[in-house]
Q: 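Dropping the structure in here first, questions after.
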Amino acid sequence: QVQLVESGGGSVQAGGSLRLSCTASGYTTSTACMGWFRQGSGAEREPVASIDPNGYTRYTDPVKGRFTISRDVTKNSLYLQMNSLKPEDTAMYLCVADPDQNSCLSRWTFRSYRSWGQGTHVTVSS
């Protein structure tokens, strides 16, 4: 059974940092397309970052230069390092994964991923 479990969310002041983690079970993260989405209150779910099996990454413009997506294949985990956080980063962050490696970084919609976690909440206060 595939399971993605996020952790690391919390409350932080603007300018602070958080590191989100996503641990996968029933899944080999080293060969999967993986990423992070977020959904703020009353907002549409939006992509944040993705990573392909070769380590290539893609970021949405608002987080470029502030967020870094990475994976640790020895721990079968995905991470999102978030620096210089802003109040507009406040959202539920969800980890996504899919075993299909085709067009990995072009997959910029939530439903294009086969699996996702329950999410971890991030609150950034001004």
Side-chain angles (χ1 to χ4, degrees):
Q1 182 179 354
V2 174
Q3 189 175 21
L4 301 173
V5 179
E6 303 93 335
S7 62
S11 297
V12 65
Q13 289 192 324
S17 298
L18 284 173
R19 186 191 192 214
L20 306 185
S21 299
C22 171
T23 302
S25 58
Y27 226 111
T28 303
T29 59
S30 61
T31 58
C33 288
M34 300 193 74
W36 292 93
F37 279 70
R38 67 184 180 186
Q39 186 167 20
S41 179
E44 295 285 324
R45 191 178 292 139
E46 61 177 357
V48 176
S50 62
I51 186 168
D52 75 3
N54 295 313
Y56 291 103
T57 58
R58 178 182 180 183
Y59 298 91
T60 188
D61 285 345
V63 309
K64 283 181 181 177
R66 301 188 297 122
F67 290 12
T68 303
I69 188 171
S70 63
R71 74 171 91 203
D72 185 337
V73 298
T74 64
K75 297 181 179 179
N76 217 33
S77 294
L78 180 75
Y79 304 99
L80 186 68
Q81 177 66 45
M82 306 187 295
N83 299 328
S84 302
L85 282 161
K86 304 176 180 179
E88 51 263 43
D89 294 319
T90 295
M92 179 72 76
Y93 284 73
L94 301 103
C95 172
V96 296
D98 195 284
D100 184 357
Q101 300 179 14
N102 292 323
S103 303
C104 189
L105 297 183
S106 299
R107 214 170 293 167
W108 216 227
T109 60
F110 189 79
R111 290 299 178 182
S112 62
Y113 289 88
R114 190 172 303 181
S115 304
W116 53 88
Q118 293 299 308
T120 185
H121 202 269
V122 172
T123 300
V124 184
S125 58
S126 57

Q: State yes or no: do Ile51 and Leu20 share one hydrophobic cluster built from I, L, V, M, F, W and Y residues joined by side-chain heavy-atom distances below 4.5 Å, directly or via other members?
A: yes

Q: If you compare all heavy atoms of Tyr113 against all heavy atoms of Ser50, which two are closest, and at what distance to 0.1 Å?
A: OH-CB, 3.8 Å

Q: Does any N or O in the side chain of Asn76 come within less than 3.5 Å of the main-chain N or O of Thr29, such that one atom is a donor and the other an acceptor?
A: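 Such a contact is found between Asn76 side chain and Thr29 backbone.
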
Q: For Ser115, give me all partners under side-chain contact (heavy atoms from CB on, under 4.5 Å), at least two apart in sequence or on another chain.
A: Val2, Leu4, Tyr27

Q: Looking at Met34 and Ile69, what are the two nearest heavy atoms and their distance?
A: O-CD1, 4.3 Å

Q: List the atom of Arg58, the atom of Ser106, and the distance in Å for their closest heavy-atom pair.
A: NH1-CA, 3.8 Å

Q: Classify the ring geometry between Trp116 and Phe110 as parallel (under 30°), tilted (30 to 60°) or perpendicular (over 60°).
A: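 Taking Phe110 first and then Trp116, their aromatic rings sit tilted (interplane angle of 30° to 60°).
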
Q: Show the nearest heavy-atom pair for residues Gly119 and Leu94, with the distance to one decimal.
A: CA-CG, 4.1 Å

Q: Could you list the residues that satisfy salt bridge (charged side-chain N to carboxylate O under 4.0 Å, His left out) with Glu88, not counting sequence neighbours?
A: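 Partners of Glu88 under the salt bridge (charged side-chain N to carboxylate O under 4.0 Å, His left out) test: none.
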
Q: To the nearest 0.5 Å, how far apart are CZ in Phe37 and CD in Glu44?
A: 12.5 Å

Q: Please identify each residue that fulfils side-chain contact (heavy atoms from CB on, under 4.5 Å) with Asp52, with sequence neighbours left out.
A: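 Testing Asp52 for side-chain contact (heavy atoms from CB on, under 4.5 Å), a comparison that skips the adjacent residues, returns Asn54, Tyr56, Cys104, Leu105.
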
Q: Could you note down all residue pairs passing side chain to side chain donor-acceptor pair (under 3.5 Å) where residues 66-75 supplies at least one of them, sequence neighbours left out?
A: Arg66-Asp89, Asp72-Thr74

Q: Between side-chain atoms of residues 78-87 and protein atoms elsewhere (two or more places apart, or another chain), which donor-acceptor pairs fall under 3.5 Å?
A:
unit_1	atom_1	unit_2	atom_2	d
Gln81	NE2	Asn83	OD1	2.9
Asn83	OD1	Ser17	OG	2.9

Q: Please confirm whether the backbone N or O of Thr31 pairs with a side-chain atom of Gln101, one donor and one acceptor, at under 3.5 Å?
A: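 Flag set: sc Gln101 to bb Thr31 pair under 3.5 Å.
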
Q: Donor-acceptor check, side chain of Glu6 to backbone of Gln118, threshold 3.5 angstrom: yes or no?
A: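 Yes, Glu6 side chain to Gln118 backbone: donor-acceptor pair under 3.5 Å.
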
Q: Do Val48 and Val12 share a hydrophobic cluster, counting only Ile, Leu, Val, Met, Phe, Trp and Tyr and linking them when any side-chain heavy atoms are less than 4.5 Å apart?
A: yes

Q: Do Thr23 and Ser77 come close enough that some side-chain heavy atom pair is under 4.5 Å?
A: yes

Q: How would you list, by chain and number, every residue that makes a side-chain contact (heavy atoms from CB on, under 4.5 Å) with Thr123, sequence neighbours excluded?
A: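 Residues passing side-chain contact (heavy atoms from CB on, under 4.5 Å) with Thr123: Ser11, Thr90, His121.
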
